[in-house]
Amino acid sequence: MSDLRLLDTLSGETRPLVPLDGKTVRIYSCGPTVYGPAHIGNFRSFLFADLLVRYLRWRGYQVRWVMNITDIDDKIIKGAEAAGETTRALADRYLARFLDDAETLRMTRPDVLPRATEHIEPIVGLIQTLMDLGHAYRTDDGSIFFRIASWPSYGRLARLDPEQMRVGERVEADEYAKDDVRDFALWKAAKPGEPSWSTSIGQGRPGWHIECSAMSIEQLGPSFDIHTGGVDLIFPHHEDEIAQSEAATGQAFVRTWLHCAHLRSSGSKMAKSTGNIARVDDLLGSGVSPRALRYALLAVHYRTGLDYSDDSLAAAAAALARLDTLVLALESYRQDGPGDPGLDGALRGARDGFTAALDDDLNISAALAAVFDLVRDLNRRIEARSMSSDDAMRALDTLRDLDRVLGVLEDPVEDALDPGLQTLLDQRAAARAARDWAASDRLRDELADRGVAVEDTRDGQRWRRIALTTRG
Ligand SMILES: [Zn+2]
């Protein structure tokens, strides 16, 4: 059906993507734990899933994309206690913040954003099934654990030897007594002062891992196509998801696992515990453009570590400026006469190169190289005046079409100037026609002060917003 191939972390194989149900690619992404603002390391992983979803849709696939919201866990409970508010209020606040940041970074909104606390029933159902099948057991305090010894293939995703796993090293230590140190909590018995739910398996709250199994199975079925997350989720989170899901349903859980490498900053992984985190609104407040930030987070292949720095951000802003300049040049290009006979081949070549690159396990670097080959090519054709006005519009259509995947170009509707600025621009055009250079220069300065740079070309004035590429 397609040439699109993705590298599956579990098997280590690169496989063609063929939707399991023959029509819709079903994707689950581990989403944020809403106990504080997400940092851009988190957003790298979310934006990689966004790139995947955008590309699949652009390629003509039907996609159903689910991203969970973890709105109950130890950190949320602690945070709410410290802030003197309910866990629900704290989670709502940071969920709203996450959605704002995601929109700022132009992340496609997932089709469903299920919250753990709103899926207690399917979570309880799944835990009950695991107990019925002998894969889970209850401890004295009423908590319920998954019995890793009952699941021989445990450790396959992370390539672990289950016998070698020891508590305190690679297995998260749990506060609850359990049969085997490797076992993990499915259900945590209620503790005084903590939120809990009264259910058929007792009073308590779900562990973290089980929510992703329960909500993915509920939203996408027992077997689905793609599961994404950061590499730090491979173990134990995704390992646990596989064990719980497959033990309960008896079916293969996920066809293809995609894991995004870390974002590094100042030489180490960006993490709250390391303290080297950067948040979206802090960066925007310091003058970074959201489009440049998106570009910087997208432009490196998802399985490659990304070094984030002022330099990488500046490189992203410079790349965007080249795209913006070309878009403006094409928009204002006017040339009567015959078309450029070489143009269609160039546009087709760029599109083919872009597609072949992304088909190859989302090779974004090669896809961007195809885009910038086209940028150079079109700049040459503009310089040579070889295109007709119609050609320029077709070239622009191609750029905008490729950008449906990238999501970095300025939205064309936002490009209209407000009437006051347009009046200044018109007055300047009149001044130039009257060869009144002093007035023309004065109007240029006035426009610059208001964030609009004007350039004079053979096609007349061309303007761009100064603030859009590198503010500060
Ligand atoms: Zn998850």
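All residue numbers in this chain count up from 1 along the given sequence.
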Regarding [X] and [Y], does a basic nitrogen lie under 4.0 Å from an acidic carboxylate oxygen?
X      : Y      : result
Asp401 : Arg404 : yes
Asp8   : Arg15  : yes
Lys188 : Asp74  : yes
Glu85  : Arg93  : yes
Arg279 : Asp281 : no

Start with the C-alpha gap between Arg109 and Glu103, add the side-chain angles, then the distance that decides, and say whether salt bridge (Lys or Arg N to Asp or Glu O under 4.0 Å) holds.
CA-CA 8 Å; Arg109 180 90 173 226; Glu103 197 179 322; 5.7 Å; no
Tell me which pairs pass ring pair (Phe, Tyr, Trp, His ring centres under 6.0 Å) where either residue lies in residues 292-320, with sequence neighbours left out.
Phe48-Tyr302
Does anything in residues 71-99 pair up under ring pair (Phe, Tyr, Trp, His ring centres under 6.0 Å), and if so which pairs, sequence neighbours excluded?
Phe43-Phe98, Phe46-Phe98
Taking atom types as modelled, is there a side-chain donor on [X] or [Y] under 3.5 Å from an acceptor on the other?
X      : Y      : answer
Ser213 : Glu241 : no
Gln244 : His135 : no
Arg255 : Ser11  : no
Ser200 : Gln128 : no

State yes or no: are the ring centers of [X] and [Y] separated by less than 6.0 Å?
X      : Y      : answer
Tyr137 : Phe146 : no
His238 : His259 : yes
Trp208 : Phe184 : no

Taking [X] for its side chain and [Y] for its backbone only, find out whether a donor-acceptor pair lies under 3.5 Å.
X      : Y      : answer
Arg57  : Val63  : yes
Asp21  : Thr24  : yes
Asn363 : Asp360 : no
Thr199 : Ile201 : yes
Arg59  : Arg54  : no
Asp225 : Ile27  : no

Positive for side chain to side chain contact (heavy atoms under 4.5 Å, CB included) with Phe145, one of Thr139, Leu186, Leu130, Asp179:
Thr139
Heavy atoms only: give me the nearest Leu402-Arg351 pair and the separation to one decimal.
CD2-CA, 4.5 Å
Any chance you could lay out the salt bridge (Lys or Arg N to Asp or Glu O under 4.0 Å) test for Arg115 and Asp92, step after step, and finish with the verdict?
CA-CA 10 Å; Arg115 296 174 67 147; Asp92 282 353; 2.8 Å; yes
Can you name the one residue among Trp257, Trp65, Phe253 that meets ring-ring contact (aromatic ring centres under 6.0 Å, His included) with Phe224?
Phe253
Mind checking what makes side chain to side chain donor-acceptor pair (under 3.5 Å) contact with Arg294, not counting sequence neighbours?
Asp50
Quick one: does NZ or CZ of Lys75 land under 6.0 Å from the six-membered ring centre of Tyr35, within 45 degrees of the ring axis?
yes
Please step through salt bridge (Lys or Arg N to Asp or Glu O under 4.0 Å) for the pair Asp183 and Arg147, ending with a clear verdict.
CA-CA 5 Å; Asp183 293 349; Arg147 190 187 304 283; 5.3 Å; no
